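Values in this document were obtained by computation on a predicted structure and should not be read as measured data.
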Amino acid sequence: GLNAYSLERAEQLSSQWKGTSFLGGNAKNFIDGAFKDSSTDKWIELYDPSTQTLLSKVPETTTEEFESAVEAASKAFQSWKNSSVLKRQRFALELQALIRENMDNLAAAIVLEQGKTFADAKGDVLRGLQVVETACAIPTALMGEKLEVSKDMDTETRKVPLGVCASISPFNFPAMIPLWTIPLAIVTGNTLILKPSERDPGAALMIAELCQRAGLPDGVLNVVHGTVPTVNAICTHPKIKAVSFVGSNRAGQHIYDLATKNGKRVQANLGAKNHAVVMPDANKDQALNALIGAACGAAGQRCMAISVVVLVGTAQKFLPDLIERASKLKVSQGFEEGAEFGPVTTPAAKARIEGLIASAEKEGGKILLDGRGIQVPGYPDGNFIGATIIEASTEMTCYKEEIFGPVLIVMNANTLDEAISTVNSNPYGNGAAIFTQSGPIARKFETQIEAGQIGINVPIPASFLGDINFYGKGGISFYTQIKTTTSLWRSADANVDGEGVSVNMPTMK
Ligand code: NAD
């Protein structure tokens, strides 16, 4: 069972929040402002990754229930799109205050279901909170533009909402990623259906309850659970106008294809294999600390994890220290004092990661630090894997696949050019970082790397499919369409002496 502290938190959360269970009960759907039990006969059991204790059962939402969520969102859109921008800003401000107040509760739910450390879980909430804070500036962000075309004629653009939008999120950031979409979709005047990860929907349900407490009208946000059938229903429903997806390449490609084929606007952030290049002149201490944090933090279950390091020339002498430092990382349950990272999400994920480590051995790689079979005192049943470092090459399976565990692949290169060519040959091509103290080297890296995100002396990024980014200005653009009005109010004296606009074809003057 859960340790005493986890049990106490699980009891407290289960009694205080309406939609979710941490004690073996059912997770509810949130439809039209109410937390509702599903009538499905298909339930997904969700276990604490440190002890395998049953925390909750997540419904595979039925077609009728899904349809009622779309109906609720559709109906709510009719009035929400006409609500004043100040009302929507007020919602964001209230939500911001409530999330801050409930930071520890949200983080505790994440530790229980997802397994990351309490400090990491608070970071997960904080990153999401920052998007809510961005959404508070919506009156400015939504401003349109006006051009005086000519005497008497103006063209005006405004940003109008799309309608019912949907968001499908992954297990690794149960608060942050739902919060990439909830605030911006809603303050721009859309309504939203969120399908959180079936592996840890607790935080999303708590956020839905906070949205309600922040004054959000019924039906503006709806949460439905499920797996592929629910996702396919989202991608094909005629009333859903846009789909945001964050998750693996396989699911992402399927969702991108299906939803775009059905005429939806889609943004999809996918898997990654991020490389770091370490030059001989790098600040060794800073580079090694950053690398270890980026490779093993959150048990490597981050899209912005660094999973490959290329040591250039004499930077290869940093390797023994890299191994030494990684071997000292403390792996334990997320609430335990001093835990630096926790278990991976499921026994299946653990088996998959261990299988990839084993494949490296078979294919000629060298396991320099082996985290398989690690014993964590007090948690014999947890999905723990210790920090692992493998010397491998580009044709090996462990290099080609996203491992999504605390595993760092090390490769050597003789020159910067060789390192750049390795990074650029990787099919993921998402993000890359360089550690160096030389400006010209950093600049060369920045210009020659074919990746969307570059880190210079900082580890990094995320990957992306679609046209517009999730948050910031990109988020506003994703959730709105431009409407242009051109008006001509001809004044009494127009054209008297050749002034003013002519709208006759074939030319405008
Ligand atoms: P996942 O793709 O398994 O699941 C993501 C969502 O898609 C879930 O809601 C799930 O129910 C659904 N889903 C899963 N398989 C599906 C299928 N075959 N068809 C339709 N829907 C499906 O991803 P995950 O394991 O939850 O998350 C980890 C992945 O997410 C990693 O690949 C990671 O790199 C990626 N990720 C990327 C970013 C980014 O910004 N680029 C951020 C976080 C995570």
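Atom CG in L184 sits 11.0 Å away from atom SG in C165 (nearest 0.5 Å). To the nearest 0.5 Å, atom CG of residue L46 and atom OG1 of residue T346 are 10.5 Å apart. One finds the CZ atom of F171 at 12.5 Å from the CD1 atom of I110 (value rounded to the nearest 0.5 Å). If you take CD on E148 and CE on M153, they are separated by 12.0 Å, rounding to the nearest 0.5 Å. Considering CD of E101 and CG of L106, their distance stands at 11.0 Å, rounded to 0.5 Å. Annotation: the span from T40 atom OG1 to N26 atom CG amounts to 10.5 Å, rounded to 0.5 Å.
For the pair N29 (side chain) and T61 (backbone), a donor-acceptor distance under 3.5 Å is absent.
Ring geometry, F30 versus F35: the interplanar angle falls from 30° to 60°, so the pair is classed tilted.
Listed by chain and residue number, E60 satisfy the side-chain hydrogen bond (donor to acceptor under 3.5 Å, both in side chains) test with T227 (two or more places apart in sequence, or in another chain). In this structure F173 satisfies the ring-ring contact (aromatic ring centres under 6.0 Å, His included) test with no other residue, sequence neighbours excluded.
Counting heavy atoms from C-beta on, the side chains of E133 and Q96 come closer than 4.5 Å. With a 4.5 Å cut-off on side-chain heavy atoms, W180 and P178 do not count as touching. Between F77 and N82, every side-chain heavy-atom pair lies at or beyond the 4.5 Å cut-off. V243 places a side-chain heavy atom less than 4.5 Å from the side chain of I255. Looking at heavy atoms from C-beta onward, W80 lies in side-chain contact with K87 at the 4.5 angstrom threshold.
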> Run the side chain to side chain donor-acceptor pair (under 3.5 Å) check on T188 and N190 step by step: do they pass?
Replying inline: CA-CA 6 Å; T188 44; N190 299 283; 2.9 Å; yes
> Which is it for Y399 and S307 under the side chain to side chain donor-acceptor pair (under 3.5 Å) test, yes or no, and what are the steps along the way?
Replying inline: CA-CA 9 Å; Y399 176 79; S307 46; over 6 Å; no
>> Would N105 and Q12 count as a side chain to side chain donor-acceptor pair (under 3.5 Å) here? Give the steps.
In response: CA-CA 9 Å; N105 285 328; Q12 177 226 339; 3.2 Å; yes
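Counting only N and O atoms by type, the side chains of E65 and T62 include a donor and acceptor under 3.5 Å apart.
Closest approach of L192 to A185, counting heavy atoms only: CD1-CB, 4.1 Å. Across every non-hydrogen atom of Q267 and S244, the tightest pair is OE1-OG, 2.7 Å. In terms of heavy-atom proximity, N172 sits nearest to K116 at O-NZ, 2.8 Å.
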Tabulate below the donor-acceptor pairs under 3.5 Å that side-chain atoms of residues 202-216 make, not counting sequence neighbours, or state none.
unit_1, atom_1, unit_2, atom_2, d
E209, OE1, K18, N, 2.8
Q212, NE2, G33, O, 2.7

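Salt bridge annotation for E94-R90: present, with a cationic side-chain nitrogen under 4.0 angstrom from a carboxylate oxygen.
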